[in-house]
Amino acid sequence: MSKGLPKRSEDYSLWYNELVKKADLAENSAVRGCMVIKPYGYSIWEKMQAEIDRMFKETGHTNAYFPLFIPKSYLSKEADHVDGFAKECAVVTHYRLKNDEDGNGVVVDPDAKLEEELIVRPTSETIIWSTYKNWVQSYRDLPIMVNQWANVVRWEMRTRFFLRTTEFLWQEGHTAHATKQEAIDESIQMMNVYASFAEDFMAVPVVKGIKSESERFAGAIETYCIEALMQDGKALQAGTSHFLGQNFAKAFDVKFANREGGQDYVWGTSWGVSTRLMGALIMAHSDDQGLVLPPKLAPIQVVIVPIYKGEDQLNAIIDKADGIIKSLRAVGISVKFDGRDTYKPGYKFAEWELKGVPVRIAIGPKDMENNSIEIARRDTGVKETFSLEEDLTAKIQGLMDEIQNAIYKKAQDFRIENTRSVETYDEFKEVLENEGGFISAHWDGTAETEEKIKNETKATIRCIPIDAVAEEGKCIYTGKPSKVRALFAKAY
């Protein structure tokens, strides 16, 4: 097949958009700003979802579901929260349509105006905390450790597959605690869960950190995050976890009888990752030939392509492949036999390369004679002939681990090579313009300085790294004293 992919080096944005479409991950919807996630793309998201959900349950969380619609008055109760989301909200004003009297289809029935408008959820803190008021009376009711898998709507003018769409899929965790420290510990724990998933399953190295006040979630006291670096040198926020303090508990009057017999407000957290992770997965690893998927998240880990002339040869190969498929599936490896007779082997090789299948096995007449197969790795393109006298299952299991680790190391090496420390603003601008990547620089801690740097360079503070070492220095912009470096980058 002719892939027709642009080169990353020539037009990274176009390469990304074309890869998403040609690899059958997603396509534009008839609804402006929204996308259709196609079966192959959704199968990757399902694998992500399954692993993240397992990690949540291992840390004591359970799933629930809350309404899609939020009364407008709820959003007004927490001032910072409404300021943060007001410009992105889709609003339901009527509950009925009627036939147009002029025969031009249907129109909104003006007599069906809602008494109070409903917001299509941009995030669920308000509806969930209004519910928690009914769930919490005593310290015995705490903690509440709830997550929901849902869709949300944030009205976007400029969209990009997976990274920024008007409607997107995500999970949002919302927990309630009796003490401040429990809530802080929960926020940090979930940041660490996200980091473990990104690194262990997505093979994407991340920086764990704390957001600056300007970048903090609307209504939070502190926002913890994981930041990843894409191949074009831009950062991508891959997950956030928020310590909400008692802000939402006070807004919705969620109190509890504490152990001392008094009344106190509940301490809260919220945390989430979305289908932006799909964008991170694509941009962190893929190449000019197509997707490169880590084996742990690949819907198809091994594809078997027969090379044959005539039905007799095909049937013999099918018999041989059946044994291979059974042995691999028995140890949990997903396998597809591509027996389509409408495409030649070369077309199939290119298609599965485009779709990022980690391992390809080819079986032809000579392989049948020699009791061997050809194994090709997607990440390196290396091919080898393997004798079926040996343990193929152990070989493929080992390859899965090797590929997973190799993809991670490649991304990690790239991040290390593209993380630079600077001491002056001129050096900062030069690196940002010519090199990109993460830039570690002293900052005076003020929102004013942060805003000026952003306006002049389009670079934002991605985070203050959790492992940042206290260090005396001078802000690159103002020259004022600074005790720690911030991590800057241009970002998606």
Side-chain angles (χ1 to χ4, degrees), residues 163 187-188 190-192 194-196 198-199 202 204-217 220 222-243 271 273 276-277 279-280 283-284 408 411-492:
L163 301 177
S187 305
I188 294 171
M190 299 320 295
M191 173 188 66
N192 289 329
Y194 291 151
S196 294
E199 297 190 341
M202 294 177 62
V204 174
V206 295
V207 177
K208 296 185 287 188
I210 300 172
K211 287 289 189 183
S212 65
E213 184 177 352
S214 301
E215 295 288 328
R216 194 179 293 157
F217 177 75
E222 200 76 88
T223 290
Y224 301 88
C225 64
I226 57 171
E227 296 284 332
L229 190 63
M230 303 297 98
Q231 291 180 74
D232 63 345
K234 287 186 179 179
L236 181 73
Q237 179 181 284
T240 52
S241 179
H242 316 291
F243 168 56
W271 28 271
V273 294
R276 281 175 68 94
L277 291 180
M283 291 196 293
Y408 177 81
Q412 185 180 48
D413 290 344
F414 177 83
R415 191 191 73 185
I416 292 170
E417 292 166 7
N418 289 277
T419 302
R420 300 171 179 87
S421 294
V422 302
E423 306 303 328
T424 67
Y425 193 47
D426 285 341
E427 189 182 1
F428 177 90
K429 290 185 287 186
E430 182 180 351
V431 169
L432 191 66
E433 184 66 29
N434 299 320
E435 306 291 345
F438 284 137
I439 303 176
S440 177
H442 278 286
W443 161 60
D444 64 18
T446 67
E448 182 183 5
T449 297
E450 182 180 5
E451 186 67 18
K452 287 179 178 177
I453 292 173
K454 178 181 178 180
N455 290 339
E456 291 177 17
T457 68
K458 294 185 170 62
T460 56
I461 294 177
R462 304 316 307 155
C463 67
I464 313 298
I466 289 290
D467 59 2
V469 178
E471 173 189 322
E472 296 292 337
K474 292 182 179 180
C475 173
I476 57 166
Y477 192 86
T478 63
K480 293 178 180 178
S482 166
K483 294 184 182 299
V484 70
R485 289 178 179 269
L487 203 62
F488 290 82
K490 291 183 179 179
Y492 285 98

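- The OG1 atom of T449 sits 9.5 Å away from atom CD1 of I476, with the distance rounded to the nearest 0.5 Å.
- In this structure a side-chain-to-backbone donor-acceptor pair under 3.5 Å is present from S482 to W443.
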For L163 and L236: C-alpha separation, side-chain torsions, deciding distance, then whether side-chain contact (heavy atoms from CB on, under 4.5 Å) applies. CA-CA 9 Å; L163 301 177; L236 181 73; 3.9 Å; yes

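- With rounding to the nearest 0.5 angstrom, the CD atom of E227 is 9.5 Å from the OG1 atom of T240.
- Contact check on E448 versus K452 returns a salt bridge, with a Lys/Arg side-chain nitrogen under 4.0 Å from an Asp/Glu carboxylate oxygen.
- Remark: T460 OG1 to F488 CZ distance equals 8.5 Å, nearest 0.5 Å.
- Here the side chain of R415 pairs a donor or acceptor atom with the backbone of V206 at under 3.5 angstrom.
- Here the shortest heavy-atom pairing between R485 and P465 reads O-CD, 3.9 Å.
- For K458 against K490, the heavy-atom pair with the smallest separation is O-CG, 3.8 Å.
- Closest non-hydrogen pair, V204 versus A228, comes out as CG1-CB, 3.6 Å.
- Here the side chain of E215 pairs no donor or acceptor atom with the backbone of C463 at under 3.5 angstrom.
- The shortest distance between side-chain heavy atoms of E222 and K211 does not fall below 4.5 Å.
- Of all heavy-atom pairs between F414 and M230, the closest is CE2-O, 3.2 Å.
- The shortest side-chain heavy-atom distance between E450 and E213 does not fall under the 4.5 Å cut-off.
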Take T457 and Y425 through the side-chain contact (heavy atoms from CB on, under 4.5 Å) test and state the conclusion after the steps. CA-CA 10 Å; T457 68; Y425 193 47; 3.4 Å; yes

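- Formation of a donor-acceptor pair under 3.5 Å by the E199 side chain with backbone atoms of P205 is not found in this model.
- Closest approach of V484 and V469 over heavy atoms only: CG2-O, 4.2 Å.
- Salt-bridge check for E472 with K483: passed, with a basic side-chain N closer than 4.0 Å to an acidic carboxylate O.
- The CE atom of M202 lies 5.0 Å from the CG atom of L277; values are rounded to the nearest 0.5 Å.
- Side-chain atoms of S214 never come within 3.5 Å of backbone atoms of A447 as a donor-acceptor pair (strictly under, hydrogens ignored).
- For the atom pair NE2 (H242) and CE (M191), the distance works out to 12.5 Å, reported to the nearest 0.5 Å.
- Separation of atoms CD (Q237) and CZ (R276) is listed at 6.5 Å; rounding is to 0.5 Å.
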Show which side-chain atoms of residues 426-441 pair as donor or acceptor with protein atoms under 3.5 Å away, not counting sequence neighbours.
unit_1	atom_1	unit_2	atom_2	d
E427	OE1	E423	N	3.1
N434	ND2	E430	O	3.3
E435	OE1	R420	NH2	3.4

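- For the residue pair A198 and I226, the shortest heavy atom distance occurs at CB-CD1, 4.3 Å.
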